[in-house]
Amino acid sequence: MSFVKLEQQGHVGVVTISRPEALNALNSQVLSDLDEVMTAVEKNDEIYVVILTGDGRSFVAGADIGEMKGFSSIDGKNFGVHGGQVFLKVENLSKPVIAAVNGFALGGGCELAMSCDIRLASEKAKFGQPEVGLGITPGFGGTQRLPRIVGISKAMELILTAKVIKAEEAKAIGLVSEVYPPEELMPKAMELAEAICANAQIAVRESKRCIRMGMQTDINTGSAFEAEAFGVCCGTEDKNEGMGAFLEKRSEKHFTGR
């Protein structure tokens with residue numbers, strides 16, 4: 001039985017972490033299941049955008065403490081490498097990934113949300129990196145992504161105090177883009193996904209690639225990535241369609257992904 005479900009709705013793939021009896025905690029099997037689903041999503045040309053969410057009242061409550069309790073140093077490093085590689089796969093997916101954070105996003109759950117491109121939250125969502133209170137560090141990228149997203153000072157504060165914050169504070173510090181009532185979260189995530197799906201997908205993916213690569217390098221190198229991507233898009237049929245629609249003053253566009 002897989003702990004990660006994939007449902008396709010039009011051109012949107014909805015990926016749900018489903019281990020509700022453990023608040024969707026990440027153990028080795030959940031990580032392997034997520035890895036497998038992300039591989040399937042990447043290969044599916046009919047999926048343009050992904051929404052990642054959790055089953056029940058939790059997004060992901062964290063890594064599975066019951067599994068980690070008996071870890072040696074070597075076990076811990078291997079577990080961190082495993083989770084880190086899976087989260088990098090989410091981050092580097094060619095297609096945009098929207099986190100619809102419906103509840104607890106603590107530890108590994110916060111790290112998973114941060115590996116997504118856009119984060120939306122329910123009013124009931126809570127975020128935090130509580131690892132130092134358990135005698136460990138964040139292990140799936142928290143020390144790397146959180147300062148890049150919210151700045152070093154706030155990341156230091158959250159990680160070193162193990163503080164848990166509510167959705168509105170997460171929005172105030174830039175950890176999430178929007179906060180919605182629980183019943184509106186998935187419809188709003190779907191609305192956003194469909195807005196992205198309506199655009200030229202080569203341009204969407206090249207834009208994501210440029211942003212992701214640019215965040216890891218200097219602006220001169222990043223500008224070179226962007227120029228290359230701009231050139232790629234100028235050679236597409238979708239560029240001709242999009243610019244043709246603009247010049248002809250027609251609202252409908254017929255992008256083909258070519």
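No experiment lies behind these values; they were computed from the predicted model shown. Note: hydrogens, waters and symmetry copies are ignored here, and every other heavy atom, side chains too, is used.
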Side chain proximity check, [X] to [Y], heavy atoms < 4.5 angstrom:
{"X": "C197", "Y": "V12", "result": "yes"}
{"X": "L93", "Y": "V50", "result": "yes"}
{"X": "L134", "Y": "I65", "result": "yes"}
{"X": "I17", "Y": "D33", "result": "no"}
{"X": "F255", "Y": "Q201", "result": "no"}
{"X": "K43", "Y": "M38", "result": "no"}
{"X": "K239", "Y": "E237", "result": "no"}
{"X": "V204", "Y": "I196", "result": "yes"}

From [atom1] ([X]) to [atom2] ([Y]), nearest 0.5 Å:
{"X": "M190", "Y": "K188", "atom1": "CE", "atom2": "NZ", "answer": "13.5 Å"}
{"X": "C234", "Y": "M243", "atom1": "SG", "atom2": "CE", "answer": "5.5 Å"}
{"X": "N92", "Y": "E42", "atom1": "CG", "atom2": "CD", "answer": "9.5 Å"}
{"X": "L146", "Y": "C110", "atom1": "CG", "atom2": "SG", "answer": "6.0 Å"}
{"X": "S2", "Y": "L34", "atom1": "OG", "atom2": "CG", "answer": "9.0 Å"}
{"X": "H11", "Y": "N44", "atom1": "NE2", "atom2": "CG", "answer": "10.0 Å"}

In this structure, are over 12 heavy atoms from other groups packed under 6.0 Å from [X] atom [atom1]?
{"X": "I74", "atom1": "CD1", "answer": "no"}
{"X": "F230", "atom1": "CZ", "answer": "no"}
{"X": "E241", "atom1": "CD", "answer": "yes"}

Least distance between heavy atoms, [X] atom then [Y] atom:
{"X": "E252", "Y": "A245", "answer": "O-CB, 4.0 Å"}
{"X": "F59", "Y": "G109", "answer": "CE2-O, 3.4 Å"}
{"X": "A229", "Y": "C210", "answer": "CB-SG, 3.5 Å"}
{"X": "V132", "Y": "A162", "answer": "CG2-CB, 4.0 Å"}
{"X": "M68", "Y": "I136", "answer": "CE-CD1, 4.4 Å"}
{"X": "F87", "Y": "G108", "answer": "CE2-O, 3.6 Å"}

Under 3.5 Å, sequence neighbours excluded: what are the donor-acceptor pairs made by side chains of residues 152-160?
residue : atom : partner : partner atom : Å
K154    : NZ   : E157    : OE1          : 3.1

Got a salt bridge between [X] and [Y], using NZ or NE/NH1/NH2 to carboxylate O under 4.0 Å?
{"X": "K166", "Y": "E168", "value": "no"}
{"X": "K253", "Y": "D238", "value": "no"}
{"X": "R212", "Y": "E91", "value": "yes"}
{"X": "K163", "Y": "E169", "value": "yes"}

When you measure from the side chain of [X] to the backbone N and O of [Y], does any donor-acceptor pair fall under 3.5 Å?
{"X": "R19", "Y": "F3", "answer": "no"}
{"X": "E111", "Y": "G142", "answer": "yes"}
{"X": "R250", "Y": "F246", "answer": "no"}
{"X": "T217", "Y": "G214", "answer": "no"}

Same cluster for [X] and [Y] if Ile/Leu/Val/Met/Phe/Trp/Tyr side chains link at under 4.5 Å?
{"X": "L23", "Y": "V30", "value": "no"}
{"X": "I165", "Y": "L112", "value": "yes"}
{"X": "F104", "Y": "V15", "value": "no"}
{"X": "V164", "Y": "M114", "value": "no"}
{"X": "V41", "Y": "I118", "value": "no"}

Requested in this report: Taking the six-membered ring for Trp and the full ring for Phe, Tyr or His, determine whether the centres of F71 and F79 are under 6.0 Å apart.
Outcome: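 Ring-ring flag for F71/F79: true, centres closer than 6.0 Å.
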
Requested in this report: Give the C-alpha distance, both sets of side-chain angles, the deciding distance and a yes or no for side-chain contact (heavy atoms from CB on, under 4.5 Å) between L192 and I98.
Outcome: CA-CA 9 Å; L192 176 59; I98 301 166; 3.8 Å; yes

**Report entry** From CA spacing to verdict: side-chain contact (heavy atoms from CB on, under 4.5 Å), M186, I51
**Finding:** CA-CA 9 Å; M186 286 305 292; I51 297 173; 3.9 Å; yes

Requested in this report: Please report the C-alpha distance between T39 and K89 in whole Å, then the side-chain angles of each, then the deciding distance to 0.1 Å, and finally whether the side chain to side chain donor-acceptor pair (under 3.5 Å) criterion is met.
Outcome: CA-CA 8 Å; T39 297; K89 177 176 281 190; 2.7 Å; yes

Query raised in the report: Out of N24, T53, T16, which residue meets the side chain to side chain donor-acceptor pair (under 3.5 Å) rule with N102?
Result: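 Output: one option passes, namely T53.
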
**Report entry** Worked check of side chain to side chain donor-acceptor pair (under 3.5 Å) between D218 and T221
**Finding:** CA-CA 6 Å; D218 63 274; T221 305; 2.8 Å; yes

Distance-only check: which donor-acceptor pairs under 3.5 Å involve side-chain atoms of residues 122-130, not counting sequence neighbours?
residue : atom : partner : partner atom : Å
S122    : OG   : K124    : N            : 3.0
Q129    : NE2  : E131    : OE1          : 3.2
Q129    : NE2  : E131    : OE2          : 3.0

Query raised in the report: Can you pull the side chain to side chain donor-acceptor pair (under 3.5 Å) pairs that have at least one residue in residues 54-63, sequence neighbours excluded?
Result: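 Applying side chain to side chain donor-acceptor pair (under 3.5 Å) to every pair that reaches into residues 54-63, excluding sequence neighbours, yields S18-D55.
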
Requested in this report: Evaluate side-chain contact (heavy atoms from CB on, under 4.5 Å) for S115 paired with R145, printing each intermediate quantity in order.
Outcome: CA-CA 8 Å; S115 73; R145 292 190 178 93; 4.0 Å; yes

Query - Partner residues of R205 under the salt bridge (Lys or Arg N to Asp or Glu O under 4.0 Å) criterion, sequence neighbours left out - result: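 Applying salt bridge (Lys or Arg N to Asp or Glu O under 4.0 Å) to R205 gives none.
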
Tabulate below the donor-acceptor pairs under 3.5 Å that side-chain atoms of residues 170-185 make, not counting sequence neighbours, or state none.
residue : atom : partner : partner atom : Å
K171    : NZ   : E178    : OE1          : 3.4

Query raised in the report: For E36, what residues pass the side-chain hydrogen bond (donor to acceptor under 3.5 Å, both in side chains) criterion, not counting sequence neighbours?
Result: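 With sequence neighbours excluded, E36 shows a side-chain hydrogen bond (donor to acceptor under 3.5 Å, both in side chains) to no residue whatsoever.
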
Query raised in the report: Where do R209 and E206 land on the salt bridge (Lys or Arg N to Asp or Glu O under 4.0 Å) test, with the steps shown first?
Result: CA-CA 5 Å; R209 184 177 71 87; E206 286 296 309; 2.9 Å; yes

Query raised in the report: With a 3.5 Å cut-off and no angle check, do the side chains of S32 and D35 form a donor-acceptor pair?
Result: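 S32 vs D35: no donor-acceptor pair found between side chains.
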
Query - Distance-only side-chain donor-acceptor flag, D75 / S72, under 3.5 Å - result: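 Present: a donor and an acceptor within the cut-off.
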
Query - From CA spacing to verdict: side-chain contact (heavy atoms from CB on, under 4.5 Å), C116, V90 - result: CA-CA 7 Å; C116 299; V90 174; 4.2 Å; yes

